[in-house]
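Position 1 is the first residue of the sequence; numbering continues from there.
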Amino acid sequence: MNTETVRSDFDEIARLSDPPDEDTGRYDSFLLSLVPQRATTILDVGCGMGRLTAKLVTDDREVVGIDLSTEMIVRARAKVHAGLSFLCHDFLTYDFGSQKFDCLITAAAIHHVPIDLAFPRLLELLAPDGRLILHDIRADAGILDHLRSRFGLAQIAFGRLLRTGSPLRPRAVRDAWERHCASETYLTLSEAQTLANRLMPGARVYNHWLWRYTIVWDRPQAI
């Protein structure tokens, strides 16, 4: 999927999204627990509307969110905190100068970029001894995964019913997501583990209930 298509898709999704029906961030607490306390500079790659980015803020941190989508960033900038800023750019090409980050986090976004292109850029931006937290969508593999997905869909529908009064997103939002996801491909857990072994030796890989995996890798002092 090319950059302009991704930007256009998420501009549409942002315009259609209703704040009460935003993603509840079911993995946010887990991801926040992985961020080292010593990290004072954090970059959220593919930050979307900034939900997770804003939660990363503490009194002694500089947190930057970057995303392609203009409409997503407009909504993200409504979250105003000292030490929090948002950039509407492609993280692959944006000039950060000499800045390095103690922690890089990316949630449900990195599948939009070929990993062999994305990882060297992430490594370039990650400070020595920094931490990379790569959280992304996982493809089902086998009957147990598919059965788990059925239960997951029911869980999501029930949660949305409690929040909004309807088990489904509005039709226009569902159609926009279906168009976007139609051409996407995701790694299975096994493929995510292979990726970690190839690019991030020693990384921890977590498998999650609802179509997600997380890779956590601490960059050595010299690599």
Name all residues meeting the salt bridge (charged side-chain N to carboxylate O under 4.0 Å, His left out) criterion together with R38; count only those two or more places apart in sequence or in a different chain, and write none if there are none.
none
Applying salt bridge (charged side-chain N to carboxylate O under 4.0 Å, His left out), can you list everything that pairs with D175, at least two apart in sequence or on another chain?
R171
Interatomic distance, I215 atom CD1 to L187 atom CG [nearest 0.5 angstrom]:
7.5 Å
Tell me, yes or no, whether the heavy-atom count around E124 atom CD, taken from other residues, nucleotides or ligands under 6.0 Å, exceeds 12.
yes
Can you measure from CD1 (I137) to CG (L210) and round to the nearest 0.5 angstrom?
12.0 Å
Sequence neighbours left out, what passes side chain to side chain donor-acceptor pair (under 3.5 Å) with T214? Give chain and number order.
H135, H208
What closest approach, in Å, do D136 and I110 show between heavy atoms, and which atom pair accounts for it?
OD2-CG2, 3.2 Å
Y206: partners by side chain to side chain donor-acceptor pair (under 3.5 Å), with sequence neighbours left out
R204
Any luck finding a side-chain donor-acceptor pair between T40 and D60 under 3.5 Å?
no
For T106, give me all partners under side chain to side chain donor-acceptor pair (under 3.5 Å), at least two apart in sequence or on another chain.
none
Looking only at heavy atoms, which two atoms of R77 and C88 are closest? And how far apart?
NH2-N, 4.1 Å
Which is it for L126 and W217 under the side-chain contact (heavy atoms from CB on, under 4.5 Å) test, yes or no, and what are the steps along the way?
CA-CA 11 Å; L126 186 61; W217 180 67; 4.1 Å; yes
Can you name the ring-ring contact (aromatic ring centres under 6.0 Å, His included) partners of F101, sequence neighbours left out?
F96
Heavy-atom distance under 4.5 Å between the side chains of R61 and V35, does that happen here?
yes
Spacing of L195 atom CG and F119 atom CZ [to the nearest 0.5 Å]:
8.5 Å
Using the rule that two of Ile, Leu, Val, Met, Phe, Trp, Tyr join whenever any of their side-chain heavy atoms come within less than 4.5 Å, decide whether V45 and L56 are in one cluster.
no
CD1 of I42 to CD1 of I133, rounded to nearest 0.5 Å, is 8.0 Å
How many angstroms lie between CZ in R7 and CE in M72, if you round to the nearest 0.5 Å?
13.0 Å
All salt bridge (charged side-chain N to carboxylate O under 4.0 Å, His left out) counterparts of D116, not counting sequence neighbours:
R198
Between L132 and L123, is there a side-chain heavy-atom distance shorter than 4.5 Å?
no
State whether the side chain of T41 and the backbone N or O of D102 hold a donor-acceptor pair below 3.5 Å, judged by distance alone.
yes
Side-chain touch L68/T3, heavy atoms, less than 4.5 angstrom:
yes
Aromatic rings H111 and Y186: how do their planes relate, parallel, tilted or perpendicular, breaks at 30° and 60°?
perpendicular
Same cluster or not: are L104 and V113 linked, directly or through other Ile, Leu, Val, Met, Phe, Trp or Tyr residues, by side-chain heavy atoms under 4.5 angstrom apart?
yes
Are L52 and V63 grouped together when hydrophobic residues (ILVMFWY) are joined by side-chain heavy atoms under 4.5 angstrom apart?
yes
Main-chain N/O of P36 paired to R131 side chain as donor or acceptor, under 3.5 Å
no
Crowding at CG, L162 (>12 non-hydrogen neighbours, <6.0 Å):
yes
Are V6 and V173 connected in a single hydrophobic cluster, I mean Ile/Leu/Val/Met/Phe/Trp/Tyr linked by side-chain heavy atoms less than 4.5 Å apart?
yes
Residues two or more places apart in sequence or in another chain: which of them pass side chain to side chain contact (heavy atoms under 4.5 Å, CB included) with N207?
R138, R148, L189
Not counting sequence neighbours, which residues clear side chain to side chain donor-acceptor pair (under 3.5 Å) with W209? List them please.
Q155
Are Y213 and L122 in one and the same hydrophobic cluster, where Ile, Leu, Val, Met, Phe, Trp and Tyr link if side-chain heavy atoms are under 4.5 Å apart?
yes
Approximate separation, where rounding is to 0.5 Å, of K55 NZ and D28 CG:
3.5 Å
Can you name the ring-ring contact (aromatic ring centres under 6.0 Å, His included) partners of H81, sequence neighbours left out?
none
Residues forming a salt bridge (charged side-chain N to carboxylate O under 4.0 Å, His left out) with E12, sequence neighbours excluded:
R179
Check the pair I73, C47 against side-chain contact (heavy atoms from CB on, under 4.5 Å), reporting the backbone distance first and the verdict last.
CA-CA 8 Å; I73 291 296; C47 65; 3.8 Å; yes
Nearest heavy-atom approach of A118 to L92 is CA-CD2, 4.1 Å
State, with a plain yes or no, whether a side-chain heavy atom of M49 is found less than 4.5 Å away from one of E71.
no
For A82 against V57, the heavy-atom pair lying closest together:
O-CG1, 3.7 Å
So, for R174 and R169, which heavy atoms are closest and what is the spacing to 0.1 Å?
NE-O, 2.8 Å
Heavy atoms of A76 and G48 approach each other most closely as CB-O, 3.8 Å
For A141, what residues pass the side chain to side chain contact (heavy atoms under 4.5 Å, CB included) criterion, not counting sequence neighbours?
D145, T188
Would you indicate whether the side-chain heavy atoms of F86 and D67 approach each other to under 4.5 Å?
no
